[in-house]
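Structure first, commentary second.
Quick caveat: nothing in here was measured; it's all calculated off a predicted structure.
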Amino acid sequence: MKNIELIKNTDKEFPQNLLNIEKSPKELYIMGNKKLLNKKSLAIVGTRNCTPYGAECAEKFATDISKKNICIISGMALGIDTFAHNGALKEKGNTIAVLGCGFDYIYPEENIDLFNKIVENGGLVVSEYPPKTKAVLSKFPYRNRIISGLSMGTLVVEATRNRSGSLVTARYAKEQNKKIFSIPGNINLKTSGGTNDLIKEGAKLVTCANDILTEFKIIVENTPEKNH
């Protein structure tokens, strides 16, 4: 296992994107490839209780976007976050996980293997909290400002209307003047309520990775995307 490094906001490695956000962290504890901190990145977030449709979308979007040398950022939670990280790793792409706890208390425990996989395959894990900081759920929404802050934009795959951490990330993205993308979902499912509302509120409706890539003027091939 690699060592934990501490970088401060006065260090040259500190991500430039985070210097400009409100309540920017003064320091970050990191493990893995710190070069990713200043790489072009997209956040992909969503509910822990995702549907098979949401899981498939998260993994496919992450894989397709990784092919364009864009880093995928998420929160290493169960559900959509996990599929987003795995989608990036599947393409041998880069991914960053932002923790809401210290490195001594990886949360959730079910994703310790994913944590190791990210670090061992050229990815990066980041936390603003000292290693011995335990996982307290109230800290997790606050760390979402870092997920959106590091990214060019945020894609919300599935989210409920109530108490959704993904919508908190989208709100931070809006405050940071970042682009917000949303995948439309079945109007009869709770997991689509938040994403469909985001689209009503002005998030860009996306059905394939090219919809996001073209928004950032990244060259895409004119090949039809397969339907999900």
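- In this structure, Pro25 and Ile146 have side chains that are in contact, with non-hydrogen atoms separated by less than 4.5 Å.
- Two residues are said to be in side-chain contact when any heavy atoms from C-beta on lie closer than 4.5 Å; Phe181 and Lys179 meet this criterion.
- Side-chain contact check for Leu42 versus Cys71: every heavy-atom pair is 4.5 Å or farther apart.
- Within the model, atoms SG of Cys208 and CG of Leu213 stand 8.5 Å from one another, a figure rounded to the nearest 0.5 Å.
- Tracing side-chain contacts under 4.5 Å through hydrophobic residues (I, L, V, M, F, W, Y), one never reaches Val125 starting from Tyr107; they form parts of separate clusters.
- Arg171 CZ: more than 12 foreign heavy atoms inside a 6.0 Å radius.
- Linking Ile, Leu, Val, Met, Phe, Trp and Tyr residues whenever their side-chain heavy atoms come within less than 4.5 Å places Val157 and Tyr53 in a single cluster.
- Taken from CD in Glu91 to NZ in Lys68, the straight-line distance is 11.0 Å, to the nearest 0.5 Å.
- In this structure, a donor-acceptor pair under 3.5 Å is absent between the side chains of Lys40 and Asn69.
- The pair Lys117-Asp113 fails the salt-bridge criterion, with no side-chain N (NZ, NE, NH1 or NH2) lying under 4.0 Å from an Asp/Glu carboxylate O.
- Each of Leu37, Leu99, Ile7 was checked for a side-chain contact (heavy atoms from CB on, under 4.5 Å) with Val126, and the lone residue meeting it is Leu37.
- Here the side chains of Lys90 and Glu59 are in contact, with some heavy-atom distance below 4.5 Å.
- For the pair Asn186 and Asn188, the tightest heavy-atom approach, listed with the atom from each and the gap, is OD1-N, 2.8 Å.
- When Glu175, Gln176, Glu128 are each tested for a side-chain hydrogen bond (donor to acceptor under 3.5 Å, both in side chains) with Arg145, only one passes: Glu128.
- In the hydrophobic clustering of ILVMFWY residues, with side-chain heavy atoms under 4.5 Å counting as a link, Ile112 and Tyr29 come out together.
- In this structure, Arg143 contributes its side chain and Ser127 its backbone to no donor-acceptor pair below 3.5 Å.
- A donor-acceptor distance shorter than 3.5 angstrom exists from the side chain of Lys178 to the backbone of Ser148, with no hydrogens or angles considered.
- Taking each heavy atom of Ile44 and Ala58 in turn, the nearest pair found is CD1-O, 4.4 Å.
- Of all non-hydrogen atoms in Leu155 and Ser182, the two that sit nearest each other are CD1-N, 4.1 Å.
- In this structure a side-chain-to-backbone donor-acceptor pair under 3.5 Å is missing from Thr133 to Gly102.
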Under the side-chain contact (heavy atoms from CB on, under 4.5 Å) criterion, do Ile118 and His85 qualify, and how do the steps go? CA-CA 8 Å; Ile118 290 171; His85 289 305; 4.0 Å; yes
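- At least one donor-acceptor pair closer than 3.5 Å links the side chain of Ser166 to the backbone N or O of Gly46.
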Please lay out, stage by stage, how Asn38 and Asn17 fare under the test side-chain contact (heavy atoms from CB on, under 4.5 Å). CA-CA 8 Å; Asn38 287 294; Asn17 282 346; over 6 Å; no
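- A salt bridge does not link Asp11 to Lys8: none of the charged nitrogens lies less than 4.0 Å from a carboxylate oxygen.
- Distance alone, capped at 3.5 Å, places no donor-acceptor pair between the Ser151 side chain and the Thr154 backbone.
- Judged by distance alone, the side chain of Asn196 and the main-chain N or O of Gly185 form a donor-acceptor pair under 3.5 Å.
- Looking at Thr207 and Ile183, their side chains never come closer than 4.5 Å, going by heavy atoms from C-beta outward.
- With hydrogens and angles disregarded, a donor-acceptor distance shorter than 3.5 Å links the side chain of Asn144 to the backbone of Gly165.
- Between Ser74 and Val45, some side-chain heavy-atom pair lies under the 4.5 Å cut-off.
- Tested against Met76, the residues Ile106, Asp81, Thr82 include a single side-chain contact (heavy atoms from CB on, under 4.5 Å) partner, Ile106.
- Judged purely by distance below 3.5 Å, without hydrogens or angles, the side chains of Thr195 and Glu158 never pair a donor atom with an acceptor atom.
- Ionic pairing of Arg161 and Asp197 is present here: one or more N-O contacts between side-chain nitrogen and carboxylate oxygen are shorter than 4.0 angstrom.
- Residue-environment remark: NZ (Lys204) exceeds the threshold of 12 foreign heavy atoms within 6.0 Å.
- No continuous path of ILVMFWY side-chain contacts below 4.5 Å connects Phe216 to Leu150, so the two sit in separate hydrophobic clusters.
- Taking NZ of Lys190 as the start and CG of Asn49 as the end, the distance is 10.5 Å to the nearest 0.5 Å.
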Worked check of side-chain contact (heavy atoms from CB on, under 4.5 Å) between Phe61 and Ile212: CA-CA 9 Å; Phe61 271 74; Ile212 296 172; 3.9 Å; yes
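- Atom CG of Leu36 sits about 7.0 Å away from atom OG of Ser41, to the nearest 0.5 Å.
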Under the criterion side-chain contact (heavy atoms from CB on, under 4.5 Å), I'd like the reasoning laid out for Ile70 against Met152: C-alpha separation, chi angles, the key distance, then a yes or no. CA-CA 10 Å; Ile70 293 172; Met152 299 184 294; 4.3 Å; yes
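- Here the side chain of Ser24 pairs a donor or acceptor atom with the backbone of Leu18 at under 3.5 angstrom.
- Between the OG1 atom of Thr169 and the CD1 atom of Ile73 there is a distance of 11.5 Å, given to the nearest 0.5 Å.
- Going from atom CD1 of Ile30 over to atom CZ of Phe14 covers 10.5 Å, rounded to the nearest 0.5 Å.
- No side-chain heavy atom of Asn3 sits less than 4.5 Å from a side-chain heavy atom of Met31.
- Transitive grouping of hydrophobic side chains (ILVMFWY, heavy atoms separated by less than 4.5 Å) keeps Ile72 and Leu124 in distinct clusters.
- You'll find the side chain of Pro15 reaches within 4.5 Å of the side chain of Leu28, heavy atoms only.
- Aromatic ring centres of Phe103 and Tyr129: separated by at least 6.0 Å.
- For the pair Ala62 and Ala88, the tightest heavy-atom approach, listed with the atom from each and the gap, is CB-N, 3.8 Å.
- Cys50 approaches Gly79 most closely through the heavy-atom pair SG-CA, 3.8 Å.
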